[in-house]
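Read through the structure below, which is laid out as structure tokens, and then see the notes.
In the text below, chain A, chain B and the rest are named by the order of the sequence lines, each starting its count at 1.
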Amino acid sequence: MPTDFLGDATIQAVLAKLEIDRKKIAKRQTTGYILVGVGIVIGCIFSFIFGIPVFGVIAGIISASVGGYFLYNTGSDLSAYRNSFKIDVIGHCLKSLDQSLCITPDKGIYENEFTESQLFTTSPDRYSTEDLVIGKVDKTAFYFAEIHAEYKTETSTKNGTKTEWHDIFKGIIFTADFNKNFKSFTVVRPRDFGNAFGAWFSKNLFSITSKDIINLENVDFEKAFVTYGMDQVEARYILTPAMMERILTLNKQSKLNISLSFINSKLYIAFPLDRNCFEAPIFSTLLNPNLINEDINTIKFMFDVIKELDLNTRIWGRN
Amino acid sequence: MIIALIIIGLVLIFGITFYNGLIRKKNQVTNAFSAIDVMLKKRFDLIPNLVEVVKQYTNYEQSTLTKIVELRAKATSGNVSDAEKASLDAQLSTSVKGLMVNVENYPDLKANTNFLNLQSTWTDSEEQIAAARRTYNASITDYNNAIMMFPGSLFAGMLNYYPMSVLETAEAERKNVSAKDLFNN
């Protein structure tokens, strides 16, 4: 699997061309922001220091409008620049890693699929997804995409209703065809305080859901995760001792704790991330040797999940 | 008076919750055991087809096939205890695994689609039985914890609830080749 993209002539040529576009966009955006800032400053100075608010407002509006025009005008170029980076640079790297890999920047995982995966208990009020990557390793088809799902809380204040947005999930959801058939579903969530207390309550007092807590034999796995399922036997059929070890290894490799669900003969893994992947910079150079390293590492990590979880072993009647 | 009533109420609620919990755990054990039984039956049902397919291609495995048929007949006769059934299944499993390892000597059989399907169904049934056994053992552990730990240990004896044994893997099974190895011939 080739990994040296920095020495790749095609990538270098594309980056050099995009760097020219980036500089133009950065210059126009900088001018736009400066003009908006100058407009605000002029407005304030004439209104509050010289006491000529009418002149201050007019001069401020003119300057800010010109600045706003510059920013608005950059919009389509910026979008084309970002798209070109994803398709021509990231897309090329994907093909170099494996011919089956392909990125569609404006597509993602549908909200209903995200909800049906049962990875999270809260339904999103705001949902965005992008950068769908699809591929196939031997017999196993997979895809992953960036997702940002949020829910809102509304509180009444004396100034009206205050709406706050909270993250349900921000990161990458990875989906692959699982190598065993199953009918019910099994969910593996990180053992945080909420999940651990919920599991204890369901097991020792009473359960308000139809899901059972699945207690597994692997002590490290039990320390890291809480497992829920509709069918005790099927959950163990999926989470064999070897599979639990593989999930633990995968979890250690991920910076933040992962969640998994097994549903409709598919495997879903949620990898939380604290950054936006595959985005072209505007105010820093594209020619930085470390620029695409992090994105490439993310892609390689996702590609290796199939191998890590041994999903290509197809000996259980599912081909 | 009110405090006394509250205490009696709490003791009553605790008693009912504890008793129901024990019943639930014991039922889970029964249920988990019946799941093993269902999986075993599914596996026993595969035997006639497997024997039929293998018979067409092999000349030298007759004694193994006869043994497999006999073991299956015994296991499904209905006159065997659960322990005997488990032992027969272990023997059956070892014999079939041995047979599948020998498939390398019969290229035509190895290429037969029916046989390949049966082979993967057999491997799948092994995995399902293993899962059912682990579920049974988890239920037993849960039940034993409930009756052996305080306060369960105070009442379990009075209710005739005694610890149960978990299923142990037979020594022969521990030494068996993995399911994956069977396909790497």
Exercise. Examine whether an atom of B/Ala132 lies under 4.5 Å from a heavy atom of chain A, and if so say whether it belongs to the side chain, the backbone or both; otherwise answer neither.
Key: both
Exercise. Inspect the contact between B/Arg134 and A/Glu217 and indicate whether a charged nitrogen and a carboxylate oxygen are less than 4.0 angstrom apart.
Key: yes
Quiz prompt | Plane angle bin for A/Phe142 and A/Phe174 - parallel if under 30°, tilted between 30 and 60°, otherwise perpendicular | solution = parallel
Quiz item: How are the rings of B/Tyr161 and B/Tyr143 set relative to one another: parallel (under 30°), tilted (30 to 60°) or perpendicular (over 60°)?
Solution: tilted
Quiz item: For chain B, which of A/Val233, A/Ile238, A/Thr240 has the most heavy-atom pairs under 4.5 Å?
Solution: A/Val233
Quiz item: Checking A/Gln232 against chain B: side chain, backbone, both or neither under 4.5 Å from a heavy atom?
Solution: both
Quiz item: Quick one: what part of A/Leu239 sits under 4.5 Å from any heavy atom of chain B, side chain, backbone, both or neither?
Solution: backbone
Quiz prompt | Full working for side chain to side chain donor-acceptor pair (under 3.5 Å) between B/Ser93 and B/Glu126 | solution = CA-CA 8 Å; B/Ser93 182; B/Glu126 292 268 324; 3.0 Å; yes
